[in-house]
Number of protein chains: 2
Amino acid sequence: MTLAEDRLKALGEFIRSQRRLANLSLRQLARLAKVSNPYLSQVERGIYKPSAEVMKHIADALEISAENLYTRMGLLEGRAPAPRAGGGVEEAVRLDPRLSTDQKEALIRVYRSMTAGRAPRPRRHTSAPRTVRSKPPS
Amino acid sequence: MTLAEDRLKALGEFIRSQRRLANLSLRQLARLAKVSNPYLSQVERGIYKPSAEVMKHIADALEISAENLYTRMGLLEGRAPAPRAGGGVEEAVRLDPRLSTDQKEALIRVYRSMTAGRAPRPRRHTSAPRTVRSKPPS
DNA sequence: CTACTGCGCTAAGTCTACCAAGCGTGCGCT
DNA sequence: AGCGCACGCTTGGTAGACTTAGCGCAGTAG
């Protein structure tokens, strides 16, 4: 079943990229998603297949739709889910395949600055994660 | 977490009722859904919580939408999903809360007889299951 | 320099979703 | 009567989802 493994790996990479876009460290996201940080690490590297509950928790923490993750795992026939009413902008941006990572970050930053004053969604990162990471010797 | 347990039991009962409506025995459905029959038995009685994969297999075998089951388990925020294009009639009937079980059975029977000749979806039950079952001593 | 903190990862254990084998019952046959 | 088959359920066992403890590294502060 290499197909499932590919999907698993793709899901992990997707989660990791979304986490980075949201500017969260692995441990922060793990806390938000109510899982342990080593486990989330393996999930992101495609070693373990997360249960649907865990996927939902991760989706909620990342503020993306759970359908999105389910679809990636082939659990949902189909189609791209409609973005939600409220905070759909950020998700739409993050998911747009025609935007580069930098473009997404920029757009989101601008969007947040625009909506800064009004009805802010509570989302504190007390400390921004240190983004740098040296590659382990292959 | 009694909430989750209730949901689990409700899901099991729902699956069992849908299986009966589809006129399938436990073993038949287990075979269609690619799970073992004892396991399906426990799932229907709310003892075990099926994984999303299993839920999808069951949904496919019962010809209902996977979203439906996910939503029942609280894995999907949403509301009742729109029935699919082709073959949605039977599902719509089965899911209608305003119909009794007998009404559903009757309707489905009529519907099948009407659509009998044309493009039949492959669904063989070589033998109808014996529906009778005496209650075990409580 | 040492001490502290946060990062991601490895290692070892626990728990439970899922399976194969087998039991007891009820029905239809000869 | 007895045989055979299908029904649903109980019982161990295996594997993998998930946890807690701890490693090594990089940055910042005293």
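Side-chain atoms are counted along with the backbone in the values below, which use heavy atoms only and exclude waters and symmetry mates. Order of the sequence lines fixes the chain letters, A, B, ..., with proteins taken first and strands second; residue numbering starts at 1 for each chain.
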Original post:
Is it true that a side-chain atom of B:Y70 and a backbone atom of A:L76 form a donor plus acceptor pair closer than 3.5 Å?
Top reply: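 Such a contact is absent between B:Y70 side chain and A:L76 backbone.
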
Original post:
Less than 3.5 Å between a donor and an acceptor, one on the side chain of B:N37 and one on the base of D:dC9, is that the case here?
Top reply: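 Flag set: donor-acceptor pair detected.
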
Find the distance [X]:[atom1] to [N]:[atom2] and express it as a whole number of Å.
X: B:R31; N: C:dA20; atom1: CZ; atom2: P; answer: 14 Å
X: A:K34; N: D:dT19; atom1: NZ; atom2: P; answer: 12 Å
X: A:I47; N: C:dG8; atom1: CD1; atom2: P; answer: 15 Å
X: B:I15; N: D:dG8; atom1: CD1; atom2: P; answer: 15 Å
X: A:E53; N: C:dA17; atom1: CD; atom2: P; answer: 9 Å
X: B:L29; N: D:dC9; atom1: CG; atom2: P; answer: 13 Å
X: B:Y48; N: D:dG12; atom1: OH; atom2: C1'; answer: 11 Å
X: B:K49; N: D:dA17; atom1: NZ; atom2: C1'; answer: 11 Å

**OP:** Could you check B:A52 against A:R16 and say which one's nearest nucleotide on DNA chain C is further toward the 5' end?
**Re:**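 The residue closer to the strand's 5' end, by nearest nucleotide, is A:R16.
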
Original post:
When you match B:S36 and A:Q42 each to their closest nucleotide on DNA chain C, which lands nearer the 5' end?
Top reply: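 The 5'-side residue here is A:Q42.
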
Original post:
Can you tell if the side chain of A:V43 reaches within under 4.5 Å of the side chain of A:I15, non-hydrogen atoms only?
Top reply: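 Sidechains of A:I15 and A:V43: in contact.
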
[N], OP1 or OP2 - any side-chain N/O from [X] closer than 4.0 Å?
X: B:R20; N: D:dC7; result: no
X: B:S41; N: D:dC9; result: yes
X: B:R45; N: D:dT10; result: yes
X: B:S25; N: D:dA6; result: no
X: A:R19; N: C:dC7; result: no

Subject >> Per A:Q28 side chain, nearest of listed nucleotides C:dC7, C:dC19, C:dG8 >> reply: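 Comparing C:dC7, C:dC19, C:dG8 against the side chain of A:Q28, the answer is C:dC7.
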
Original post:
So which nucleotide from D:dC9, D:dC7, C:dC9 ends up closest to the side chain of A:P38?
Top reply: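 Side chain of A:P38 sits closest to C:dC9.
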
Subject >> Heavy-atom pair of closest approach, residues A:L26 and A:N37 >> reply: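 Looking at all heavy atoms of both residues, the shortest contact is CD2-O, 3.0 Å.
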
**OP:** Looking only at non-hydrogen atoms, find the nearest pair between A:I64 and A:Q18 and report the distance.
**Re:**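 Minimum heavy-atom separation between A:I64 and A:Q18: CG2-OE1, 4.4 Å.
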
Original post:
At under 4.0 Å between heavy atoms, what does A:S51 touch on the DNA or RNA strands: base, sugar-phosphate, or nothing?
Top reply: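 Sugar-phosphate, no base atom in range.
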
**OP:** Would you classify B:R27 as touching base, sugar-phosphate or nothing, given that sugar-phosphate means primed atoms plus P, OP1 and OP2, and contacts are heavy atoms under 4.0 Å?
**Re:**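 Base, at least one base heavy atom under 4.0 Å.
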
